Visitor: 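Here it is, the structure, as structure tokens.
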Amino acid sequence: MPELPEVETTRRKLEPLITGRRVVRVEHDAPHKYRDTHLAHGRLVSALGRRGKYIIASFEPEEGEPDVELVVHLGMTGGFRPEAGRHTRVTLHLDDGTALFFQDARRFGKWAVVPAGEYASMPTLRLMGPEPLGDAFDEAAFVELASRAGAVKPWLLSQVPVAGVGNIYADESLWRARIHPAQTRLTREEAVRLRAAIREVMAEAVAVGGSTLSDHTYAQPDGVPGGFQASHHVYAREGEPCARCAAPVTKIVLGQRGTHFCPACQVLRGDAAGRAS
DNA sequence: CTCCCGTCCTGTGGGC
DNA sequence: TGCCCACAGGACGGGA
């Protein structure tokens with residue numbers, strides 16, 4: 001589950017390897033998952049950016065060449081490695097003779113070369129909310145949106161209120177903010193706490209290179225594991241005592257997602273609406 | 001419009 | 001020990 005911290009860590013490691021390099025060829029055998037990659041052939045990478053969980057490579061403008069960018073989503077298990085492996089799905093050949101190997105055991109990752117800034121085929125990217133660590137993540141706007149939202153966790157996962165939050169960081173942020181994952185229509189106080197929690201969790205996770213889970217599907221491109229899993233308070237900690245109140249962490253399914261929370265300090269406020277099985 | 005569900009994929013692990 | 005099946009889940013499309 002690469003989420004913002006894992007994707008940002010990946011971007012930072014990749015950046016010096018790819019910027020200023022020319023793409024010689026993008027090699028793969030699944031054109032429906034890695035769309036129009038031939039349009040990147042011969043192009044000079046000018047920058048490697050990120051929006052939410054998407055890595056976006058920009059190219060130097062060139063006479064007669066379309067203004068395109070390469071968009072990469074790591075899916076659940078995607079990541080770049082310095083060497084080919086059993087699950088290498090895409091090989092990005094560069095003009096210095098090196099190559100980047102995109103490994104993706106479960107094949108949920110996607111690549112596409114698209115007209116720059118044109119995300120018609122990627123609605124989630126098109127409707128992406130503000131970066132959680134940027135100035136555009138405005139408190140008043142978040143409070144207002146949250147006051148009308150349905151169940152808060154699925155709402156966060158939609159990427160609309162804020163970019164880059166996935167299953168792990170949603171659970172961790174809600175635990176810090178002491179909000180039940182199924183809570184609807186957040187109060188002003190709840191929304192303020194949640195926004196702050198998201199920023200804290202994301203900043204801390206980015207600082208330690210993201211989370212590497214027990215299945216080891218995520219590692220940084222150099223193979224070094226992330227460090228934030230040690231700071232998980234609820235994710236994958238079902239049955240363990242809550243660090244705040246010692247009640248056992250509970251796992252439910254909400255919006256078809258495994259959802260971890262403390263039933264004692266994340267209490268659902270009246271008004272029904274949200275429920276879980 | 002919102003909400004819910006199925007689909008894509010395959011490695012892992014829990015159960016028997 | 002060995003086998004098998006359920007599970008994990010981000011994005012997205014379709015149906016209610």
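In this text, all values refer to a predicted model and were calculated from it rather than measured experimentally. Chain identifiers are assigned alphabetically (A, B, ...) following the order of the sequence lines, protein sequences preceding nucleic acid strands; residue numbering begins at 1 within each chain.
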Visitor: Just to confirm, is there a sub-4.0 Å distance from OP1 or OP2 of C/dC12 to any side-chain nitrogen or oxygen of A/His32?
Guide: no

Visitor: Students often get this wrong, so: under 4.0 angstrom with heavy atoms, is A/Pro123 touching a base, only sugar-phosphate, or nothing?
Guide: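 If one applies the 4.0 Å heavy-atom cut-off, A/Pro123 turns out to touch the sugar-phosphate alone, with no base involved.
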
Visitor: Check whether any side-chain N or O of A/Gln256 sits under 4.0 Å from OP1 or OP2 of B/dG6, and answer yes or no.
Guide: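 Negative; the distance criterion is not met.
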
Visitor: Between A/Arg195 and A/Phe137, is NZ or CZ placed under 6.0 angstrom from the six-membered ring centre and within 45° of the ring axis?
Guide: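 So A/Arg195 does make the cation-pi contact.
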
Visitor: Expressed in angstrom and rounded to an integer, what is the separation of A/Met76 atom CE from C/dG10 atom C1'?
Guide: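 Between C1' of C/dG10 and CE of A/Met76: 8 Å.
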
Visitor: Has A/Lys33 got a side-chain N or O lying under 4.0 Å from the OP1 or OP2 atom of B/dC9?
Guide: yes

Visitor: So, is A/Tyr235 near the phosphate of C/dG9, with a side-chain N or O under 4.0 Å from OP1 or OP2?
Guide: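 Affirmative; the distance criterion is met.
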
Visitor: Here's a test for you: under side chain to side chain donor-acceptor pair (under 3.5 Å), which of A/Arg51, A/Glu69, A/Arg126 qualifies with A/Tyr119?
Guide: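 Among the candidates, only A/Glu69 passes.
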
Visitor: Closer than 4.0 Å, any side-chain N/O of A/His73 to the OP1 or OP2 of C/dG10?
Guide: no

Visitor: Compare side-chain N and O positions of A/His87 against OP1 and OP2 of B/dG11 and report whether any pair is under 4.0 Å apart.
Guide: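 Result: yes.
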
Visitor: Would A/Glu6 and A/Lys53 pass as an ion pair if we require N to O under 4.0 Å?
Guide: no

Visitor: Can you measure A/Leu4 atom CG to C/dA11 atom P for me and round it to whole angstrom units?
Guide: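 Rounding to the nearest Å, CG of A/Leu4 and P of C/dA11 are 11 Å apart.
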
Visitor: OP1 or OP2 of C/dG10 sitting under 4.0 Å from any side-chain N/O of A/Arg257?
Guide: yes

Visitor: Per the side-chain contact (heavy atoms from CB on, under 4.5 Å) rule, which among A/Glu131, A/Lys13, A/Glu3, A/Arg50 passes with A/Glu8?
Guide: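 Exactly one pass, corresponding to A/Arg50.
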
Visitor: Between C/dC12 and A/Thr124, is there an OP1 or OP2 to side-chain N/O distance shorter than 4.0 Å?
Guide: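 For C/dC12, OP1 or OP2 has a side-chain N or O of A/Thr124 closer than 4.0 Å.
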
Visitor: Check whether any side-chain nitrogen or oxygen of A/Lys110 sits under 4.0 Å from OP1 or OP2 of B/dC8, and answer yes or no.
Guide: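 Answer no for this pair, as no side-chain N or O of A/Lys110 is under 4.0 Å from OP1 or OP2.
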
Visitor: Identify, between A/Gly255 and A/Phe108, the residue whose nearest nucleotide on DNA chain B lies closer to the 5' end.
Guide: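 Checking each residue's closest nucleotide, the 5'-ward one belongs to A/Gly255.
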
Visitor: Looking at the side chain of A/Tyr54, which of C/dA8, C/dC12, B/dT10 is the nearest nucleotide?
Guide: C/dC12

